[in-house]
Amino acid sequence: GVWRQTRALLFKNCLIKCRTKKSSVQEVLFPLFFLFWLILMSMMHPHRKYDEVPNTDLGPLDTSVLVNFVIGYTPPTAMAREIMKKVAFDNFEDGLITEEYLSEEELEEASFLKPSNFVGVVFKDSMSYQLRFHDSIAMSSIYTESR
């Protein structure tokens with residue numbers, strides 16, 4: 001039963017492959033060509049290994065540039081308030097000015113009305129955010145491996 005059907009199917013497939021030699025050769029050579037192309041590309045752009053950077057003391061933070069600095073954030077959740085409180089008071093003696101906004105639209109309007117010392121923070125979820133400057137958007141850094 002099963003063995004005879006399997007053998008007949010195998011014989012049928014062999015006949016089809018023998019009759020369509022051009023497509024059979026293409027089925028074998030195209031993957032080999034693409035594999036060769038990938039190897040060639042990886043050899044042209046080798047992986048760069050960077051040396052370690054030693055730990056250095058950067059010294060105290062110059063907070064004079066942060067005078068009258070305003071950080072706006074949205075959405076005003078409990079976690080966002082806690083994060084912004086830590087940023088404003090735990091890291092700076094004088095504290096930064098933080099303002100919460102109900103929506104991204106309000107945050108964008110505030111960034112247009114205020115001078116260039118305004119930075120917006122949009123919390124996407126508990127682990128990601130976007131920084132909004134009056135003329136651009138900066139994504140939070142994400143560690144990515146090399147190819």
Side-chain angles (χ1 to χ4, degrees), residues 1-63 65-66 69-88 90-92 96-147:
V2 174
W3 172 246
R4 193 167 48 182
Q5 285 179 342
T6 306
R7 197 173 56 194
L9 186 61
L10 184 62
F11 182 69
K12 177 186 139 198
N13 287 340
C14 286
L15 281 176
I16 291 172
K17 292 295 177 191
C18 290
R19 290 178 183 164
T20 57
K21 288 183 171 93
K22 183 178 178 183
S23 65
S24 299
V25 169
Q26 287 176 348
E27 284 181 19
V28 173
L29 291 182
F30 276 156
L32 291 176
F33 170 74
F34 288 125
L35 179 64
F36 171 74
W37 185 255
L38 284 173
I39 291 171
L40 182 67
M41 292 301 288
S42 68
M43 290 172 68
M44 288 174 61
H45 302 286
H47 174 69
R48 291 188 181 105
K49 180 163 176 46
Y50 297 100
D51 294 331
E52 286 184 13
V53 177
N55 291 337
T56 57
D57 184 18
L58 298 176
L61 178 64
D62 181 19
T63 57
V65 296
L66 300 175
F69 201 73
V70 180
I71 299 177
Y73 63 95
T74 188
T77 61
M79 185 184 337
R81 286 186 189 105
E82 186 65 30
I83 291 171
M84 296 312 292
K85 182 178 140 195
K86 268 194 169 314
V87 167
D90 293 353
N91 297 322
F92 303 100
L96 298 173
I97 301 168
T98 59
E99 298 175 353
E100 61 182 48
Y101 295 94
L102 296 176
S103 66
E104 289 186 49
E105 291 79 22
E106 288 183 21
L107 183 72
E108 287 179 24
E109 287 176 19
S111 69
F112 288 124
L113 296 176
K114 304 212 180 204
S116 62
N117 63 350
F118 181 85
V119 173
V121 181
V122 179
F123 290 97
K124 295 296 181 186
D125 56 32
S126 62
M127 298 300 286
S128 64
Y129 61 90
Q130 285 183 338
L131 294 178
R132 304 263 175 134
F133 300 97
H134 67 280
D135 57 352
S136 64
I137 297 174
M139 299 295 287
S140 59
S141 63
I142 299 172
Y143 178 76
T144 56
E145 296 249 347
S146 174
R147 294 178 260 178

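As the structure is a prediction and not an experimental result, all values here were calculated from the model. FYI, side chains are in, hydrogens and waters are out, and symmetry mates aren't considered; it's all heavy atoms of this structure.
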Smallest heavy-atom separation, Pro75 atom then Phe123 atom, equals CD-O, 3.4 Å
Side chain to side chain contact (heavy atoms under 4.5 Å, CB included) filter on Trp37, not counting sequence neighbours, yields Leu40, Met41
NZ (Lys21) and SG (Cys18) are apart, to the nearest 0.5 Å, by 6.0 Å
Closest non-hydrogen contact found for Thr74 with Tyr101 is OG1-O, 2.9 Å
To the nearest 0.5 Å, atom CD of Glu109 lies from atom OG of Ser103 at 7.5 Å
The side chain to side chain contact (heavy atoms under 4.5 Å, CB included) partners of Asp125 (sequence neighbours excluded) come to Met127, Ser128
Check residues 24-36 and write down every donor-acceptor pair under 3.5 Å in which the side-chain atom is one partner and the other belongs to a residue at least two apart or another chain.
from  : atom 1 : to    : atom 2 : distance (Å)
Ser24 : OG     : Lys17 : O      : 3.2
Ser24 : OG     : Thr20 : O      : 2.8
Glu27 : OE1    : Lys17 : NZ     : 2.8
Glu27 : OE2    : Lys17 : NZ     : 3.1

Lys/Arg-Asp/Glu bridge criterion (N-O < 4.0 Å) met for Glu99, Arg81 | no
Value for NZ (Lys12) from CD1 (Ile16), rounded to nearest 0.5 Å, stands at 5.0 Å
Closest non-hydrogen contact found for Tyr129 with Val121 is CB-CG1, 4.3 Å
In short, Leu102 meets Pro76 closest at the heavy-atom pair CD2-CG, 3.9 Å
Just do the salt bridge (Lys or Arg N to Asp or Glu O under 4.0 Å) check on Lys124 and Glu104 with the steps written out, would you? CA-CA 11 Å; Lys124 295 296 181 186; Glu104 289 186 49; 3.6 Å; yes
One should read off an interatomic distance between Leu107 CG and Tyr73 OH, to the nearest 0.5 angstrom, of 11.5 Å
